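First the structure, in the form of structure tokens, and then the observations on it.
None of these values were measured; they are calculated from a predicted model. As the structure lists them, so they are numbered: ligands from 1, and atoms in each ligand from 1.
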Amino acid sequence: MGTGLKRKDLLGTRDLSPEEIGLILDTAISMKEIASRDIKKVPTLRGKTIINLFYEPSTRTRTSFEIAGKWMSADVINISTSSSSVVKGETLKDTGLTLQAMHPDVVVIRHSAAGAPQILAGLLKASVINAGDGAHEHPTQALLDLFTIREKRGTLAGLKVAIVGDILHSRVARSNIFAMQKMGMQVRVCGPATMLPRYMDRLGVEVFSRIEPAIADVDIIMMLRIQLERQGGGLFPTLREYSKLFGLNLDRLKAAKQDVLIMHPGPINRGVEISPEVADGPYSLILNQVENGVAIRMAVLYLLAGGQAAAN
Ligand code: CP
């Protein structure tokens, strides 16, 4: 178990305390400084082994966990399930026990099934980090989102955010709702009725069926991708109509505050949920989110796996 977080695994934001979230965000500040050095290498996790076990595609999360581990001198092994014994029918349990026999310190897992990281955590001595499980949670994404907002606004408490799009299938929305509320933010969700789960009002968020009132007086607009890969179809007529009703473009942005921050976890569907002018515009934090993903994942790896003092 690491020196900083009094837990073996990071499975979600739902069970993190505000103090734990604060510790991760504060630790990420010194981790981010390493990115600006000529030599991006510290001995913090020397001798530690990290396995990235991704059952679903990923660009940002997998790459940033790999960079984070390597910058801290850990040995990082990436397993793509399409070229592993998973294609021969090996179960999650057997894959986990096989990896455990090689003594990793951390296993980072992404899986299409909600709860898969929890199952693995129960089997392994290694710390398990959830890199996204089905529509359940994506805790490091929420943490990097909070870090990005705090970096821009200097605080989190009291800020208002509208999360817009495919809420039903979004692990990013769920992890952000839990984490943002713990840090004193007010959360709204907005999307077609078919993409707004019924339990949303029980989570203490405001629910909007139209985008204009949802974004009218918020500090942050977080747009989400339509997750066609998780849908059975029929949740909206066409992408064109979805874009017309819920897409964020320059014209629609006039309904928001002048200095509103625009976020998106990526990958974006340009011209569907967000227009290129907004995605690439002055208030877009999309690439800041990606950059901060490395710092947050360094912080989480360090706090779970321990090692020498950070940033040396
Ligand atoms: N935001 C996010 O999880 O992106 P990837 O699927 O590219 O990792």
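Side chain of Ser175 to backbone of Glu137: no donor-acceptor contact under 3.5 angstrom is found. Judged purely by atom type and a 3.5 angstrom limit, Lys182 uses its side chain to pair as donor or acceptor with the backbone of Arg14.
Here Tyr55 pairs with His111 under the ring pair (Phe, Tyr, Trp, His ring centres under 6.0 Å) rule; sequence neighbours left out.
Between Ile226 and Asn269, the closest heavy-atom pair is O-ND2, 4.1 Å.
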Starting from the N and O atoms of ligand 1, find every protein N or O within less than 3.5 Å and list the pair with its distance.
from, atom 1, to, atom 2, distance (Å)
ligand 1, 1 (N), Gln141, OE1, 3.1
ligand 1, 1 (N), Pro265, O, 2.9
ligand 1, 1 (N), Gly266, O, 3.2
ligand 1, 3 (O), Thr61, OG1, 3.0
ligand 1, 3 (O), Arg110, NH2, 2.9
ligand 1, 3 (O), His138, NE2, 2.9
ligand 1, 4 (O), Arg60, NE, 3.0
ligand 1, 6 (O), Arg110, NH1, 2.9
ligand 1, 7 (O), Thr59, N, 2.8
ligand 1, 7 (O), Arg60, N, 2.9
ligand 1, 7 (O), Arg60, NE, 3.1
ligand 1, 7 (O), Arg60, NH2, 3.2
ligand 1, 8 (O), Ser58, OG, 2.6
ligand 1, 8 (O), Thr61, N, 2.9
ligand 1, 8 (O), Thr61, OG1, 2.6
ligand 1, 8 (O), Arg110, NH1, 3.4
ligand 1, 8 (O), Arg110, NH2, 3.3

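The shortest distance between side-chain heavy atoms of Met200 and Ile177 falls below 4.5 Å.
Taking a cutoff of 4.0 Å between a charged side-chain nitrogen and a carboxylate oxygen, Asp259 and Lys152 do not qualify as a salt bridge.
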